[in-house]
Protein chains: 2
Amino acid sequence: MTTATNNTFEHLLDQHHLKKTVPRLRVLAMMAEKNTATSQPDLENLMQDVDRVTLYRILNVFEEKGIIHKVFDLNGTANYAICTSNCQEHHHHDEHLHFNCTVCNNVYCLNDLSLPAFNLPLGFKANGFTIYASGTCQKCTKK
Amino acid sequence: MTTATNNTFEHLLDQHHLKKTVPRLRVLAMMAEKNTATSQPDLENLMQDVDRVTLYRILNVFEEKGIIHKVFDLNGTANYAICTSNCQEHHHHDEHLHFNCTVCNNVYCLNDLSLPAFNLPLGFKANGFTIYASGTCQKCTKK
DNA sequence: TTAAGTGCAAAATCTTTGCAAATGT
DNA sequence: ACATTTGCAAAGATTTTGCACTTAA
C-alpha cells in the first residue's frame, strides 16, 4: 500500500548491515504491498520457493534489527509488519493500535490513531505498550 | 491471591455443566493462588502427574466456557488467568490491562484500572479490546 | 576471497487426534 | 449404567540446529 521502491528496501538493509539478498528483498516487498500485517503461514505460501527455515531466520533478524515488528493474532499466530519509524535495534516503538478482524483474521496496524494515556499501579514501569482490539474491519463489517 | 475456596471452583464447574474432576479442580486452584497469569509450560511443570494432553483439553474447554482467558506474552506463549466476571460462553470481556514484565516474564492482569476510550477509523467495529504494556513489574523495578 | 546467507536433512518441540480405560453423576 | 473425561500412543505441525554449498561485497 505504501509506495516503497526497491531502493528503499536496499537502503534499509544497508542501514542495518545486512546483505541485500533476493529472499530478504522479497519479504520486504510482500509486506509493503499490504496494509495489514502478514502472518508467517501467509508468507510461506507467498514465497513457496524460499526455504521455510530461511524465512524464520529472515524474520528473526528483521525483528532484532527493528525493521519489522511482530504481533500475535487471536490464534497466537505471529504476524509481521514493517515498522513505520523510530524502531531501534532491540527496542521497538510500535505504540499503535492493532486491530484483529474476527472474520477475515487480518491484523491492521493503525499507526495514525492518537492513543490515550493510562495509569499503572505503583511500581510498574512501562517501556512500551499497544492497544489490541478485535472486531470486524471495514470490509467485513458491511454485509 | 484470591481467597477462593474449593467450593467456589466446584460451583463454577457446575455452572458450566462440567464434571468436577481432580485435574480440573487443580488447574483452577493453581491459577487462583497466583496474582499473575500462568503460562502453559508453567502449568505443565506444576502438574507433572497430569497428562499434557489433558491439560490442553482442560484449558480449551475453560476458555470456550469463559472460565479463563488467554493472553499471549512477549514470546507468543499462551498464558491463562481466571476471568474475574462477566465472561460468557464464546464471548470474553477481558477489557483490562495486561502487563508483561520483561525481566521475570510474568503477565499481570490489572483488572481495577480504569481504561481510557479511543477511536477507531471509519468502518472498524470493535467488540473487545485489551491494552498490553511491557516493562518492569513491582518486584523487578527495585534493584 | 571470505564472511554472511541459504537450503537441505534431521532433531527437538509443540499441538492435535483416536481410542480404550477410568471417573463422576 | 452412561456419558464425560482422562491417559497413552501416535500423527501432524511448528520451530530449531548443524553443516555444506552459494552468494553478495
Side-chain angles (χ1 to χ4, degrees), chain A residues 6-31 37-65 67-68 70-80 89 105, chain B residues 6-31 37-65 67-68 70-80 89 105:
Chain A
N6 201 270
N7 270 323
T8 315
F9 301 146
E10 303 202 345
H11 180 62
L12 200 54
L13 293 176
D14 273 342
Q15 276 186 308
H16 292 95
H17 313 294
L18 295 172
K19 287 189 180 174
K20 318 182 194 78
T21 67
V22 177
R24 283 175 180 171
L25 289 167
R26 281 185 55 204
V27 167
L28 291 173
M30 303 273 38
M31 289 188 179
T38 316
S39 72
Q40 176 136 358
D42 278 0
L43 277 173
E44 281 170 23
N45 289 332
L46 292 167
M47 319 215 350
Q48 298 274 5
D49 47 335
V50 173
D51 194 85
R52 190 208 275 256
V53 174
T54 301
L55 197 50
Y56 275 104
R57 293 195 265 228
I58 289 177
L59 295 172
N60 284 340
V61 241
F62 281 9
E63 206 204 348
E64 280 171 16
K65 298 286 188 176
I67 296 174
I68 61 178
K70 172 159 53 170
V71 204
F72 296 101
D73 65 20
L74 295 166
N75 313 305
T77 307
N79 286 52
Y80 296 91
E89 190 150 351
N105 201 47
Chain B
N6 201 271
N7 270 325
T8 314
F9 302 145
E10 302 202 345
H11 180 61
L12 200 53
L13 293 176
D14 273 342
Q15 276 187 308
H16 293 95
H17 313 294
L18 296 172
K19 287 189 180 174
K20 319 184 195 79
T21 68
V22 177
R24 282 174 179 170
L25 288 168
R26 281 186 54 203
V27 167
L28 291 174
M30 303 274 37
M31 288 189 180
T38 316
S39 72
Q40 175 137 356
D42 278 0
L43 276 173
E44 281 171 22
N45 289 332
L46 293 167
M47 319 216 348
Q48 299 273 4
D49 48 333
V50 173
D51 195 86
R52 190 207 276 258
V53 174
T54 302
L55 197 50
Y56 274 105
R57 292 194 266 227
I58 290 177
L59 294 172
N60 284 339
V61 240
F62 280 10
E63 207 204 348
E64 279 171 17
K65 298 285 189 177
I67 296 175
I68 61 177
K70 171 156 56 168
V71 204
F72 295 102
D73 65 20
L74 294 167
N75 313 305
T77 307
N79 286 51
Y80 296 90
E89 190 151 351
N105 201 48

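The sequence lines fix the lettering, A, B, ..., with proteins before strands; numbering per chain opens at 1.
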I'd like the 5' and 3' limits of the part of DNA chain D contacted by chain A, with heavy-atom contacts below 4.0 Å.
D/dT14 to D/dA25
Pairs under 3.5 Å (N/O, protein and nucleotides 21-25 of chain C):
{"from": "C/dG24", "atom 1": "N3", "to": "B/Lys19", "atom 2": "NZ", "distance (Å)": "3.4"}
{"from": "C/dT25", "atom 1": "OP1", "to": "B/Lys20", "atom 2": "N", "distance (Å)": "3.4"}
{"from": "C/dT25", "atom 1": "OP1", "to": "B/Lys20", "atom 2": "NZ", "distance (Å)": "3.3"}

Within residues 45-60 of chain B, residues whose heavy atoms come under 4.0 Å of DNA chain D
B/Val50, B/Asp51, B/Val53, B/Thr54, B/Arg57, B/Ile58
Do A/Leu13 and A/Leu25 have side-chain heavy atoms sitting under 4.5 Å apart?
yes
Are side-chain heavy atoms of A/Ile67 and A/Leu28 found at a separation under 4.5 Å?
yes
In short, A/Ala78 meets A/Lys70 closest at the heavy-atom pair CB-CD, 3.7 Å
Taking CG from A/Asn75 and C1' from C/dC14, how many angstroms apart are they, rounded to a whole number?
16 Å
Atom CG of A/Leu18 and atom CZ of A/Phe62: how far apart are they, to the nearest 0.5 Å?
6.5 Å
Ion pair check, B/Glu44 and B/Arg52, cut-off under 4.0 Å
yes
Whole-Å distance, A/Phe72 CZ to C/dC14 P, equals 14 Å
Sequence neighbours excluded, which residues qualify as salt bridge (charged side-chain N to carboxylate O under 4.0 Å, His left out) partners of B/Asp51?
none
The criterion is side-chain hydrogen bond (donor to acceptor under 3.5 Å, both in side chains); which residues satisfy it with A/Asp49, sequence neighbours excluded?
A/Arg26
By side-chain hydrogen bond (donor to acceptor under 3.5 Å, both in side chains), which residues pair with B/Lys19, not counting sequence neighbours?
none
Does the side chain of B/Val27 reach to within under 4.5 Å of the side chain of B/Ile68, using non-hydrogen atoms?
no
Starting from the first five and the last five pairs of the helix from C/dT1-D/dA25 to C/dT25-D/dA1, work out the angle between the resulting helix axes, to 10 degrees.
40°
Who are the side-chain contact (heavy atoms from CB on, under 4.5 Å) partners of A/Asp73, not counting sequence neighbours?
A/Asn75, A/Thr77, A/Asn79, A/Asn100, A/Asn105, A/Val107, A/Tyr132
Residues in side-chain contact (heavy atoms from CB on, under 4.5 Å) with B/Gln15, at least two apart?
B/His11, B/Leu12
Sorted by chain and residue number, the side-chain hydrogen bond (donor to acceptor under 3.5 Å, both in side chains) partners of A/Gln40 (sequence neighbours excluded) come out as none
Can you list, pair by pair, the side-chain donor-acceptor contacts under 3.5 Å of residues 54-61 of chain B, counting residues two or more places apart and other chains?
{"from": "B/Asn60", "atom 1": "ND2", "to": "B/Tyr56", "atom 2": "O", "distance (Å)": "3.3"}

